[in-house]
Amino acid sequence: MNYWLMKSEPTCFSIDTLQSLPKKTTAWDGVRNYQARNMMKDQMQRGDLAFFYHSNCPVPGIVGIMEVSSQKAYPDPTQFDPSNDHYDPKAHPDKPIWWLVDLTFKRKFTSVISLAALKNHPQLSDLFILRRGNRLSITPITEPQWHIILSMADHPL
DNA sequence: GCCAACGTTGGC
DNA sequence: GCCAACGTTGGC
């Protein structure tokens with residue numbers, strides 16, 4: 001199994017919204033970056049775990065954990081919907097461009113593991129999201145990184 | 001295939 | 001709201 005970090009702007013879609021959904025599950029739609037798409041399409045497997053990261057908000061950071069819950073990736077339906085913000089006129093149902101997986105809520109931390117806290121941790125200097133100028137909305141997390149970050153959860157600075 | 005211009009991301 | 005950094009686009 002693999003570990004991931006997935007960003008979302010909480011004003012757009014937050015971990016609280018995910019938790020409130022009927023099956024606490026969402027299709028991670030709207031990703032329009034090829035690197036991020038490829039990770040969902042080619043690498044993610046059911047049972048993989050992902051940190052939920054809130055970006056572009058007062059305290060950016062990791063707020064909880066989700067699990068990949070679809071058996072495999074499938075076409076993002078919003079690419080075919082002209083009324084959707086993420087409509088892609090180049091995509092056709094017989095030749096989709098954008099793929100996604102489903103994610104299910106696992107837990108929410110009692111406090112945010114802030115970006116500042118991640119930056120301050122001496123063993124997390126290689127964290128993908130901390131690399132200069134990184135903007136990828138989905139990044140891999142190594143197993144050691146996963147456990148270090150988990151150990152920071154529920155222990156505010 | 002180069003690269004300038006443009007749009008987007010996201011921390012601050 | 002600013003702006004650095006990056007991805008994408010499109011002319012050539």
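Chain letters run A, B, ... following the sequence lines, proteins first and then strands; every chain starts at 1. Since the model is a prediction, treat every value here as computed from it, not as a measurement. Note: hydrogens, waters and symmetry copies are ignored here, and every other heavy atom, side chains too, is used.
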Next on the checklist: Measuring to OP1 and OP2 of dG10(B), would you say a side-chain N or O of K7(A) lies under 4.0 angstrom away?
Outcome noted: yes
Item to check | Aromatic plane relationship, F52(A) with F13(A) - under 30° parallel, 30 to 60° tilted, over 60° perpendicular | outcome: parallel
Checklist outcome for this item: From the candidates dT8(B), dT9(C), dT8(C), the one with an atom nearest any side-chain atom of R135(A) is dT8(B)
Item to check | Phosphate OP1/OP2 of dC12(B) contacted by K119(A) side-chain N/O (<4.0 Å) | outcome: yes
Item to check | Interatomic distance where CZ belongs to R32(A) and P belongs to dT9(B) [whole Å] | outcome: 12 Å
Next on the checklist: Determine whether a donor-acceptor pair (N or O, by modelled atom type, separation under 3.5 Å) exists between the side chain of S70(A) and the backbone of K72(A).
Outcome noted: yes
Checklist entry - Between dG10(B), dG7(C), dT9(C), which nucleotide has the shortest distance from any of its atoms to the side chain of S55(A)? => result dG10(B)
Item to check | Length of the line joining D85(A):CG and dG7(B):C1', which is rounded to integer Å | outcome: 15 Å
Checklist entry - Is it true that F80(A) and W98(A) have ring centroids separated by less than 6.0 Å? => result no
Checklist entry - What's the NZ-C1' distance between K90(A) and dG10(C), to the nearest Å? => result 12 Å
Checklist entry - Over how many whole Å does the gap from L136(A) atom CG to dT8(C) atom C1' extend? => result 14 Å
Checklist entry - Just how far, in rounded Å, is P of dA5(C) from CZ of F128(A)? => result 17 Å
Checklist entry - Do side-chain atoms of H121(A) reach the backbone of Q123(A) as a donor and acceptor pair under 3.5 angstrom? => result yes
Checklist entry - Whole-Å distance between dG10(B) C1' and N33(A) CG? => result 14 Å
Checklist entry - Quick one: is dT9(B) close enough that its OP1 or OP2 comes under 4.0 Å of any side-chain N or O from Y53(A)? => result no
Next on the checklist: Output the rounded distance in Å from CG (N56(A)) to C1' (dT8(B)).
Outcome noted: 11 Å
Item to check | Value in whole Å for how far the P atom of dG10(B) lies from CG of L118(A) | outcome: 15 Å
